[in-house]
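Take this structure, written in structure tokens, and hold onto it; I'll ask about it next.
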Amino acid sequence: MFSERSARERSPNRLSVAVARRRAFGAALVDLTVSNPTLAGIPYAPNVAGALARAEEVLRYDPEPFGLMSARRAVTELWRARGLEVAPERVALTASTSEAYAFVFKLLCDPGDEVLVPAPSYPLLEHLGALENVRLVPYELGYDGAWFIDVAEVARRVGSRTRAVVLVSPNNPTGTYLKRDELSRLSALGLPLVSDEVFGDYALVEDARRARSVLEANEGLVIALDGLSKAAALPQMKLAWLTLGGSAPLVDEALARLELVLDAFLSPSTPVQRALPELLATRGVARDAIGARLLCNLAVLARQCGGSAVTLLPVEGGWYAVLRVPATATDEEWALRLLEAGVLVQPGYFFDFGEVPHLVVSLLTEPAVFARAVERLIAVAG
Ligand SMILES: Cc1ncc(COP(=O)(O)O)c(C=O)c1O
């Protein structure tokens, strides 16, 4: 009766069973998996929510497939602040980055087509692909003391049904940004490049080799995904955008086809589109507070890991840090042991890290809680 794509593994994993058991007993738990900024004690600009009510003409509906031009222009201002000139006609609004992925897969793929995705990376990609009947083929990121895109490995994964390469910059959870030389070698593969840049504004170190965006490419078709959920720490507003770049004829064809997809859904709400200029103009308060918190927690983590058996892998940006833990246990076993000690972390296998045990911790955690949790983590695993 039901579609194959709506079927999924529903039995809970060992860690979530153990977490539920612990919570049922009312046992205290310090959470190092926080990813929702609205629950992380982050300050926002005064009366930010009022922007929706203050925006003019929220009762008027002008259905526009790509979104209201005033909101698309606000996105081009954001690109300008990041050093890139983009025409507003190349910007399309969606309700979320997840929806943007779904629309891009509809644009580029037929059922059974393949898209290459990084491993380790964002776990939701697997479901976003499956829901569009797209087969996601992982390409392993290289690691030589720092993570990098192994373009030869990407090329090896290309097959007759490959329709695009997904990049996540900075990647969740490895924190690696796309570098300019990687971008030019990936462009040479001749496939559309879809770059998830939601964490782009959260750089933790400087690096002159870094591409500002996939939009630096001027050949092929490139699509950058971004949205309010991370850029303004406002996931509840449900507004994201995709921006197209590369060769003009390809961009024009993609926009013409995308219009049909966007017009069929018209999903972003008018009030949030009208409020977008103000939400972007005032986002600095939350973004800077998060940036400062990430740096503070990262410094604590580096200090605590020093001289222990836990290795903090280099982080270039984003909200997460990756720890390599001793191979005396699997990452799931380490996560279960830490849970016994009252600390919740994500095991590396959630992100496809492979055999070597890794743990992922959120740098968004409130600093006092973070310091306490890391101390316990090192006491158990270090
Ligand atoms: C890499 C990455 N992309 C996209 C998203 C989600 O974005 P949105 O809330 O706009 O769907 C997340 C959320 O954590 C993420 O980690």
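Indexing begins at 1, ligand by ligand and atom by atom, following the structure's order.
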Does a side-chain N-to-carboxylate-O contact under 4.0 Å join Arg73 and Glu77?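 Answer for the salt bridge query: no.
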
Glu153/Arg156 ion pair, N-O < 4.0 Å: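 Here Glu153 pairs with Arg156 in a salt bridge, since their nearest N and O are under 4.0 Å apart.
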
State, with a plain yes or no, whether a side-chain heavy atom of Gln273 is found less than 4.5 Å away from one of Asp62.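 No - every pair of side-chain heavy atoms lies 4.5 Å or more apart.
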
Can you name the residues that come within less than 4.0 Å of ligand 1, going by heavy atoms only?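 Ser96, Thr97, Ser98, Tyr122, Val168, Asn172, Asp196, Val198, Phe199, Ser229, Lys230.
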
Between side-chain atoms of residues 344-359 and protein atoms elsewhere (two or more places apart, or another chain), which donor-acceptor pairs fall under 3.5 Å?
residue : atom : partner : partner atom : Å
Tyr349  : OH   : Glu332  : OE2          : 3.4
His358  : ND1  : Val356  : O            : 2.9

Which hydrophobic side chains are connected to Leu266, either touching it within the sub-4.5 Å cutoff or through other members that do?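 ILVMFWY cluster around Leu266 also holds Tyr61.
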
Got a list of side-chain donor-acceptor pairs under 3.5 Å for residues 217-241, not counting sequence neighbours?
residue : atom : partner : partner atom : Å
Asp226  : OD2  : Arg82   : NH1          : 2.9
Asp226  : OD2  : Arg82   : NH2          : 2.9

